[in-house]
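Let me begin by presenting the structure, written as structure tokens, before commenting on it.
What you see is a predicted model, and the numbers here were worked out from it, not measured in a lab.
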Amino acid sequence: MAVPLYQAKAEFFRTLGHPARIRVLELLQDGSRPVRELLASIEIEPSSLSQQLGVLRRSNLVTATREGNTVVYALSTPDVAELLWAARRILTEMITDQGTLLAELRSADLPDAVEKTA
């Protein structure tokens, strides 16, 4: 039986649900990188990075190629970078909206009852 699209999307987004995986994908937006560079940039234990890279590989978000003794990772498709940029735009809008609301809250007149107790 085929998996419903909404379920497949939910699984896809769960795959993106770890900060180390997001950071790896962000680093790979600029091009392929060997594991040692990823490790230096992310600053997590090698075993943890290996685990997260395995998740990304199994979900086909990244590819791995061996160059001698070095494993080099790359985004599997430019669409991954586009998705990260879309997330950035959405977050920027959300934060902007929150900042506007916060400014409105801070500039609003306090009711008399609150002013008297303050």
Is there a donor-acceptor pair closer than 3.5 Å between any side-chain N or O of [X] and the backbone N or O of [Y]?
| X | Y | result |
| --- | --- | --- |
| Arg21 | Thr15 | yes |
| Thr70 | Pro34 | no |
| Arg33 | Leu27 | yes |
| Ser107 | Glu104 | yes |
| Ser50 | Pro46 | no |
| Ser41 | Glu37 | yes |

What pair of heavy atoms forms the shortest contact from [X] to [Y], and how long is it?
| X | Y | result |
| --- | --- | --- |
| Val71 | Arg66 | CG2-NH2, 3.6 Å |
| Gln29 | Leu75 | CA-CD1, 3.9 Å |
| Val35 | Tyr73 | CG2-CE1, 3.4 Å |
| Ala20 | Ile42 | O-CD1, 4.2 Å |

Could you tell me the separation between the [atom1] atom of [X] and the [atom2] atom of [Y], rounded to the nearest 0.5 Å?
| X | Y | atom1 | atom2 | answer |
| --- | --- | --- | --- | --- |
| Gln7 | Phe12 | CD | CZ | 15.5 Å |
| Leu56 | Thr63 | CG | OG1 | 11.0 Å |
| Leu105 | Gln98 | CG | CD | 11.5 Å |
| His18 | Leu25 | NE2 | CG | 12.5 Å |
| Gln51 | Leu53 | CD | CG | 10.5 Å |
| Leu102 | Ile95 | CG | CD1 | 12.5 Å |

From CA spacing to verdict: side chain to side chain contact (heavy atoms under 4.5 Å, CB included), Tyr6, Lys9
CA-CA 5 Å; Tyr6 63 86; Lys9 286 180 181 179; 5.6 Å; no
Worksheet entry | Candidate pair Leu83 and Leu16, rule side chain to side chain contact (heavy atoms under 4.5 Å, CB included), full reasoning | CA-CA 11 Å; Leu83 176 64; Leu16 297 175; 3.6 Å; yes
Starting from Leu38, can I reach Leu84 by hopping between I/L/V/M/F/W/Y residues whose side chains sit under 4.5 Å apart? yes
- With the 4.5 Å side-chain cut-off for hydrophobic clustering, are Leu49 and Ile22 part of the same group? yes
- prompt: Can you tell if the side chain of Leu61 reaches within under 4.5 Å of the side chain of Thr77, non-hydrogen atoms only?
  reply: no
Give a yes or no on this: more than 12 heavy atoms of other residues, nucleotides or ligands lie within 6.0 Å of atom CZ of Arg57. yes
